[in-house]
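A short worksheet on the structure shown next.
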Amino acid sequence: MHDINFIRKQPQDFDKAMGRRGLTPQSPEILKLDEERRAAQTELQKLQAERNAKKSGGNAQALMDEVTALKNRMDDLASREKTLAESLNQHLASLPNILADDVPDGADEHGNVEVRKHGTPRADKTPEHFEIGEKLGLMDFETAAKMSGARFVILSSGLARLERALAQFMLDTHTQEHGFTEISPPLLVNDQTMFGTGQLPKFAEEQFRTTRGDWLIPTSEVPLTNIVAEMIVEEETLPRRYTAFTPCFRQEAGAAGKDTRGMIRQHQFYKVEMVAITTPETSAAEQERMVGCAETVLKKLGIPYRTIVLCSGDTGFGARKTYDIEVWLPGQGRYREISSVSNCWDFQARRMNARCRAKGAKDTRFVHTLNGSGVAVGRALIAVMENYYDPADDGIVVPDVLRPYMGGLAKIKN
RNA sequence: GGAGACGUGGCCGAGUGGUUGAAGGCGCACGAUUGGAAAUCGUGUAUACGCUAAACCCGUAUCGAGGGUUCGAAUCCCUCCGUCUCCGCCA
């Protein structure tokens, strides 16, 4: 959600910012609505003041009649004000966040810029994860399709446990080493919550909805960030750092035909998420820290990765700046996204009315919110399978850091 | 699922149609008092929007949310959301 005051004062800057997102100037329409709305409000308030003055003047019948006469005009103005306000809010709610100055320009993912690389990819090409998994007999897409359709999978035995081990390992790393508080949040949320983090109104078709009207979370960013919705938190308690391990549900409506094989892109997957709530001053540094937290997970797992900063055309709706971390997949012979770390600035905070206040201060400010995968568990599983694949016996070596979570198991074999 | 009670300011709690943005208390802030503190006394203490260059002032709205009745609603009616109690059911 955008600050109408900013648009009033610096319409050209706002249009320029939206221009980087490939949008035509938005301020003329917005300012027109805003002006009309305020005109209606001002006039309405004048009439209300008039009415109130008569009210305290006495109870004479004549005064009552005069107030009745005001009523029609007031009703008109009130409904006009409401319509204009709704229209204005719809407009503001559907526009993407303003990009940070240091986000590179670019039309699509080709404009993204690599910022660092870690680890050395193995030299050989391995089978893809689904080939390894099916050969082991521990990954079954057919049976999953029978009960649920495309883009679902059944993991069993060693792979099921590996998935659980990965999640445990990530949670322990973030809670014990990175200062995050573990949360077990609701997986079903209401409209307002989805609006707060920006999934609604624009991206409804990407979500699953229950017959009751609840939404299945597409990421635990949604419930974790909304913890502070409608709150005024003391700045001294910031940053708040939350992590959660949850399933995520996505329709993948716009990805028909993409990544149809294997478990790269599923309707349901597990993810360990990190969310931070900060003051406006500290969010930029917090984002760098959060990227580091995600990278630590991959370093410990011993998986080669690169970190890139997304360009203007690839940065998501609610983000001001996003880093993606991509892991090396020797089965595909390329890097694939495993984490996305975004600083949303005050964009989500405005939508969900999340504010902070310095101790003793009178005024409040919107908090800054950040979210990042820490990391996607399903894709981490794939990365482990391919990077730790042993061609000698088609087995998967268990990374050292995961062995305690696997009962000491060193290799997943047939 | 059945029956009932309830939702007022940071908190507790008055208030069933008009001068109530809202008594009283607690808390908090500032001041007085004190060697200092406690106690005591005094003053102040919601948010949003509009107006304004901005601030103050002023205006408007807000008593869970939304709608309705009325000249006028915290107070009456409807819907929804939430909380609590009892019964039933259940992981």
Side-chain angles (χ1 to χ4, degrees), chain A residues 1-13 30-93 184-196 200-201 209-216 222-223 226-238 240 246-247 346-367:
Chain A
M1 186 63 99
H2 292 285
D3 180 5
I4 186 67
N5 282 311
F6 172 74
I7 303 175
R8 276 180 207 151
K9 283 173 191 152
Q10 303 174 54
Q12 66 290 345
D13 289 340
I30 292 170
L31 292 177
K32 182 167 159 268
L33 285 168
D34 180 48
E35 261 173 52
E36 286 176 15
R37 202 213 104 238
R38 278 187 295 161
Q41 186 187 13
T42 303
E43 198 181 341
L44 174 63
Q45 290 186 352
K46 264 186 205 152
L47 293 183
Q48 284 169 329
E50 210 176 309
R51 179 199 65 194
N52 291 347
K54 291 190 190 305
K55 184 161 63 178
S56 57
N59 290 332
Q61 185 62 42
L63 292 179
M64 291 180 184
D65 291 344
E66 284 180 50
V67 172
T68 310
L70 288 175
K71 225 192 147 216
N72 281 339
R73 274 177 69 207
M74 284 177 51
D75 286 348
D76 278 358
L77 282 167
S79 72
R80 180 172 164 73
E81 198 273 338
K82 203 182 156 196
T83 307
L84 286 165
E86 276 167 8
S87 172
L88 180 64
N89 282 333
Q90 256 174 38
H91 220 96
L92 292 175
S184 177
L187 308 179
L188 297 178
V189 298
N190 59 26
D191 292 348
Q192 196 186 340
T193 301
M194 290 288 268
F195 178 84
L200 293 180
R209 196 171 196 202
T210 70
T211 51
R212 281 193 356 157
D214 308 298
W215 302 89
L216 277 72
V222 174
N226 273 283
I227 287 174
V228 294
E230 302 295 335
M231 278 179 63
I232 298 174
V233 300
E234 286 189 22
E235 286 188 14
E236 286 68 26
T237 70
L238 298 176
R240 290 185 176 208
T246 69
D346 62 359
F347 188 80
Q348 294 178 325
R350 286 179 186 281
R351 288 177 160 250
M352 59 190 193
N353 196 24
R355 293 167 295 171
C356 61
R357 176 162 49 205
K359 199 166 179 66
K362 196 168 160 55
D363 58 323
T364 60
R365 306 186 291 167
F366 288 107
V367 297

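Across all non-hydrogen atoms, the minimal contact from A:A93 to A:P201 is O-CD, 4.2 Å. In this structure, A:V228 and A:M352 approach most closely via the heavy-atom pair CG2-CE, 3.8 Å.
A side-chain N or O of A:D191 and one of A:W215 form a donor-acceptor pair less than 3.5 Å apart.
B:U40 and B:A54: their C1' atoms are spaced 42 Å apart (whole Å). Taking atom P in both B:U16 and B:U75, one finds a spacing of 12 Å when rounded to whole Å. Of the C1' atoms belonging to B:G66 and B:C51, the separation is 29 Å, rounded to the nearest Å. Between the P atoms of B:C12 and B:G18, the separation comes to 26 Å (whole Å). Taking the P atoms as reference points, B:A65 lies 14 Å from B:C11, given to the whole Å. Rounded to whole Å, the separation between the P atoms of B:G9 and B:A5 comes to 22 Å. B:A38 sits 11 Å from B:C28 when the P atoms are compared, rounded to a whole Å. Spacing of C1' atoms, B:G25 relative to B:U62, comes out at 24 Å, to the nearest Å.
Closest to the A:T42 side chain, of the nucleotides B:C51, B:A48, B:C49, is B:C51. Relative to the side chain of A:R38, the nucleotides B:C49, B:C51, B:U47 differ in distance, and B:C51 lies closest.
Within the shown strands, nothing qualifies as a pairing partner of B:A53 under the Watson-Crick or G-U definition with both distances less than 3.5 Å. Pairing for B:A23 is absent, judged as Watson-Crick or G-U wobble with the two contacts each under 3.5 Å. Remark: B:U60 base-pairs with B:A48; criterion is Watson-Crick or G-U wobble with both hydrogen-bond distances under 3.5 Å. Pair check for B:U75 finds none; no Watson-Crick or G-U wobble contact set falls under 3.5 Å. Pair assignment for B:G88: none, as no Watson-Crick or G-U wobble contacts are both less than 3.5 Å. Of all nucleotides present, only B:C41 satisfies the Watson-Crick or G-U wobble test against B:G31, with each distance under 3.5 Å. With a 3.5 Å ceiling on both atom-pair distances, the Watson-Crick or G-U wobble partner of B:C6 is B:G82.
Without hydrogens or angle criteria, A:S87 side chain to A:T83 main chain gives no donor-acceptor distance under 3.5 Å.
Counting to the nearest Å, the C1' atom of B:A61 and the CD atom of A:E81 are 10 Å from each other. In this structure, A:E35 places its CD atom 18 Å from P of B:C49, rounding to the nearest Å. Going from atom CD of A:Q45 over to atom P of B:G50 covers 9 Å, rounded to whole Å. Taking atom CE of residue A:M231 and atom C1' of nucleotide B:U47, one finds them 17 Å apart after rounding to whole Å. Atoms CZ (A:R8) and C1' (B:C51) sit 12 Å apart, rounded to a whole Å. Per the geometry, CD belonging to A:E86 stands 13 Å off C1' belonging to B:G67, to the nearest Å. Straight-line distance from the CD atom of A:E230 to the C1' atom of B:U47: 12 Å, rounded to whole Å. For the pair A:D3 CG and B:C49 P, the interatomic distance rounds to 9 Å; values are reported in whole Å.
Phosphate proximity of B:C81 to A:R212: absent, as no side-chain N or O sits under 4.0 Å from OP1 or OP2. Taking 4.0 angstrom as the limit, A:K82 places a side-chain polar atom (N or O) nearer than this to OP1 or OP2 of B:G67.
The environment of A:E230 atom CD is dense: over 12 non-hydrogen atoms of other residues, nucleotides or ligands sit within 6.0 angstrom.
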Start with the C-alpha gap between A:R37 and A:E81, add the side-chain angles, then the distance that decides, and say whether salt bridge (charged side-chain N to carboxylate O under 4.0 Å, His left out) holds. CA-CA 5 Å; A:R37 202 213 104 238; A:E81 198 273 338; 3.0 Å; yes
Under the criterion salt bridge (charged side-chain N to carboxylate O under 4.0 Å, His left out), I'd like the reasoning laid out for A:D214 against A:R209: C-alpha separation, chi angles, the key distance, then a yes or no. CA-CA 6 Å; A:D214 308 298; A:R209 196 171 196 202; over 6 Å; no
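Map A:K46 and A:R37 each onto its nearest nucleotide of RNA chain B; the residue landing nearer the 5' end is A:R37. Take the nearest nucleotide of RNA chain B for A:L44 and for A:D34: the residue whose nucleotide is more 5' is A:D34.
Judged by distance alone with a 3.5 Å cut-off, no donor-acceptor contact links the side chain of A:Q41 to the base of B:G50.
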